[in-house]
There are 2 protein chains.
Amino acid sequence: MKGRDVVLGLLNTKSRSGYEIKEIVEDQLAYFFDASIGMIYPTLRNLEKEGKIQKTRVYQTDKPNKNVYTITDSGKKEFAQYLKSPIAQDIYKSDCLMRLYLGTELSDKEITHLIQQELKHKQELLQHLQDSYQDWQSKGMNKRQKITLDYGIATYKAAINALESAKQDLQP
Amino acid sequence: MKGRDVVLGLLNTKSRSGYEIKEIVEDQLAYFFDASIGMIYPTLRNLEKEGKIQKTRVYQTDKPNKNVYTITDSGKKEFAQYLKSPIAQDIYKSDCLMRLYLGTELSDKEITHLIQQELKHKQELLQHLQDSYQDWQSKGMNKRQKITLDYGIATYKAAINALESAKQDLQP
DNA sequence: GATGGCATGTAATAAGTTACATGATTCA
DNA sequence: TGAATCATGTAACTTATTACATGCCATC
């Protein structure tokens, strides 16, 4: 799964502008697709150059004008091929766990602080996902999208529990 | 957290060869550090060129000879700086969840198959982590490293549960 | 003599990230 | 008039990945 597959997949459902793609990636895909937003416009540009999508200028009076991209047959073909390809394994990188593993020089106090910080961050992310529930539903969430949300909430909760018991184990 | 921080951190504890680093990354860090093994030798080369580590040739009779790398003061300084830097947020990318989200064209049967595959894969990963427990302990696992293992097991279990209930919800 | 584990590397390519750069419109 | 939101893009750089490439040693 690459950035271009995601952009193509979002345009496969309906035509959208770069900004609209950015909003979806930030609000709805962020949990299972960590990509910098900066990737979107370069990707759109490449896809257009390759004839996978087509740009249309849309003039707006209440907002700045925008470019709306529509997927082409060639683009649909590429996306269908992605869906047929073998599932790529998850990519997970945790700086916090790495520091726990490598930070033999850190004091117990520093480690506790590290865990506390991570805990706070994960709690915020969980809260955000839980808040999304209603928001998604109003925008029309299908069964499959609900699975992704439930999955995210479940794993955040597990991570929070693990960090909490780690914190307690470190307490003297 | 970049590849070089990890290599530097592993050499900060003790001198090792590229192959030894590869084994640790595969066996012990794989859960929270998805990086291709191909990155190790290029990274060692760069770090040596920058004077962060030093190479020593070790001659072996029972095995092929190897290059053992030792961290320098400059390298220790860089690693200490990494430990002081702000924690980077987790990176997570799930091809399976992305397909659930984007695969509006897939049939329920195809979706169930997708989940089944992911389930099987996660169960294998969990089994592998659980098997690691004894192995790690014999090699000297410290309290902090144990946290990373427990965390990994907890989140895999949560993921498996989420996939199992998703599978049941899709059943007619 | 074949297989599997130990051992190391390079060149080329792809992908992702950061920093830079701009500008319209709305609302307080 | 200043902040927030909507809106788009490029150039340069860093990083990661892939494919290629080699060869020793032990054991079966």
Side-chain angles (χ1 to χ4, degrees), chain A residues 1-8 11 15-27 29-30 33-50 53 55-69 78 82 85-86 88-93 95 98, chain B residues 1-8 11 15-27 29-30 33-50 53 55-69 78 82 85-86 88-93 95 98:
Chain A
M1 175 192 55
K2 288 161 196 160
R4 62 183 284 140
D5 299 321
V6 176
V7 170
L8 225 37
L11 295 177
S15 300
R16 309 175 199 262
S17 69
Y19 194 77
E20 284 160 0
I21 292 171
K22 171 190 160 272
E23 300 246 279
I24 294 173
V25 170
E26 278 179 337
D27 296 346
L29 311 186
F33 179 63
D34 272 279
S36 87
I37 297 307
M39 139 249 145
I40 292 169
Y41 290 109
T43 302
L44 286 170
R45 186 199 193 184
N46 291 334
L47 286 171
E48 196 200 0
K49 203 164 57 191
E50 295 169 35
I53 58 177
K55 175 157 71 176
T56 311
R57 188 78 177 164
V58 172
Y59 298 91
Q60 302 184 116
T61 49
D62 53 335
K63 291 174 195 173
N65 301 328
K66 62 182 178 182
N67 300 321
V68 169
Y69 294 89
E78 181 179 329
Y82 156 68
S85 70
Q89 62 170 2
D90 286 9
I91 290 173
Y92 180 57
K93 291 190 194 190
D95 195 18
M98 187 58 84
Chain B
M1 174 193 54
K2 288 161 198 158
R4 60 183 287 139
D5 299 320
V6 176
V7 170
L8 225 36
L11 294 178
S15 301
R16 307 177 200 260
S17 69
Y19 194 77
E20 285 160 0
I21 292 172
K22 171 189 158 274
E23 299 247 278
I24 294 174
V25 170
E26 278 179 336
D27 297 346
L29 312 186
F33 179 62
D34 273 280
S36 86
I37 296 309
M39 139 249 145
I40 291 168
Y41 291 109
T43 303
L44 285 169
R45 186 199 193 184
N46 290 333
L47 286 171
E48 196 199 0
K49 203 164 57 191
E50 296 170 34
I53 58 176
K55 175 157 71 175
T56 312
R57 188 77 177 165
V58 172
Y59 298 92
Q60 301 184 117
T61 49
D62 53 335
K63 291 173 195 173
N65 301 329
K66 63 183 178 182
N67 300 320
V68 169
Y69 294 88
E78 182 180 329
Y82 156 67
S85 70
Q89 62 170 1
D90 287 9
I91 290 172
Y92 180 57
K93 291 191 195 189
D95 195 19
M98 188 58 84

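All figures in this text were calculated on a predicted structure; none of them were measured in a lab. Both backbone and side-chain heavy atoms feed into the values below; hydrogens, waters and symmetry mates do not. Lettering of chains follows the sequences in order, A, B, ..., and the numbering in each one begins at 1.
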Touch class at under 4.0 angstrom, heavy-atom based, for A:Y69 against every strand present: sugar-phosphate

Side chain to side chain contact (heavy atoms under 4.5 Å, CB included) between B:L44 and B:I21, intermediate numbers included: CA-CA 10 Å; B:L44 285 169; B:I21 292 172; 4.0 Å; yes

[X]: partners by salt bridge (charged side-chain N to carboxylate O under 4.0 Å, His left out), with sequence neighbours left out:
X	answer
A:K22	A:E26
B:D5	none
B:E20	B:K66

Audit row: B:Y41, B:R45, side chain to side chain contact (heavy atoms under 4.5 Å, CB included) steps and yes/no: CA-CA 6 Å; B:Y41 291 109; B:R45 186 199 193 184; over 6 Å; no

A:I53 and A:V7: CA distance, side-chain angles, deciding distance, side chain to side chain contact (heavy atoms under 4.5 Å, CB included) verdict: CA-CA 10 Å; A:I53 58 177; A:V7 170; 5.5 Å; no

Whole angstrom value for the distance that separates [atom2] of [N] from [atom1] of [X]:
X	N	atom1	atom2	answer
B:I40	D:dT17	CD1	P	11 Å
A:Q89	D:dT17	CD	C1'	13 Å
A:L44	D:dT8	CG	C1'	10 Å

Listed partners of B:S36 passing side-chain contact (heavy atoms from CB on, under 4.5 Å), at least two apart: B:M39

Partner residues of B:K55 under the side-chain contact (heavy atoms from CB on, under 4.5 Å) criterion, sequence neighbours left out: B:E48, B:N67, B:Y69

Side chain to side chain contact (heavy atoms under 4.5 Å, CB included) between B:K93 and B:D34, intermediate numbers included: CA-CA 11 Å; B:K93 291 191 195 189; B:D34 273 280; over 6 Å; no

First-last contacting nucleotides on DNA chain C - partner chain B, under 4.0 angstrom, heavy atom: C:dC6 to C:dG16

Non-hydrogen side-chain atoms of B:N46 and B:K49 separated by less than 4.5 Å: yes

Minimum side-chain heavy-atom gap A:L8-A:Y82 below 4.5 Å: no

B:S15 versus B:V68, closest heavy-atom pair with distance: CB-CG1, 3.7 Å

All side chain to side chain donor-acceptor pair (under 3.5 Å) counterparts of A:S85, not counting sequence neighbours: B:R99

Between protein and nucleotides 10-16 of chain D, what N or O pairs are separated by less than 3.5 Å?
residue: D:dT10; atom: OP2; partner: A:R45; partner atom: NE; Å: 2.9
residue: D:dT15; atom: OP1; partner: B:K2; partner atom: NZ; Å: 2.9

Selection: residues 17-27 of chain A, any non-hydrogen atom under 4.0 Å of DNA chain D: A:S17, A:G18, A:Y19

With 3.5 Å as the limit, what N/O pairs link the protein to nucleotides 25-28 of chain D?
residue: D:dC25; atom: O3'; partner: B:D62; partner atom: O; Å: 2.9

N/O donor-acceptor pair under 3.5 Å between A:D95 side chain and B:Q89 backbone: no

Show me, pair by pair, the donor-acceptor contacts under 3.5 angstrom made by side chains of residues 58-65 of chain B, not counting sequence neighbours?
residue: B:Q60; atom: NE2; partner: B:P64; partner atom: O; Å: 2.6
residue: B:N65; atom: OD1; partner: B:Q60; partner atom: N; Å: 2.8

For DNA chain D, the dot-bracket pattern of Watson-Crick and G-U pairs whose distances stay under 3.5 Å, | for other-strand partners: ||||||||||||||||||||||||||||

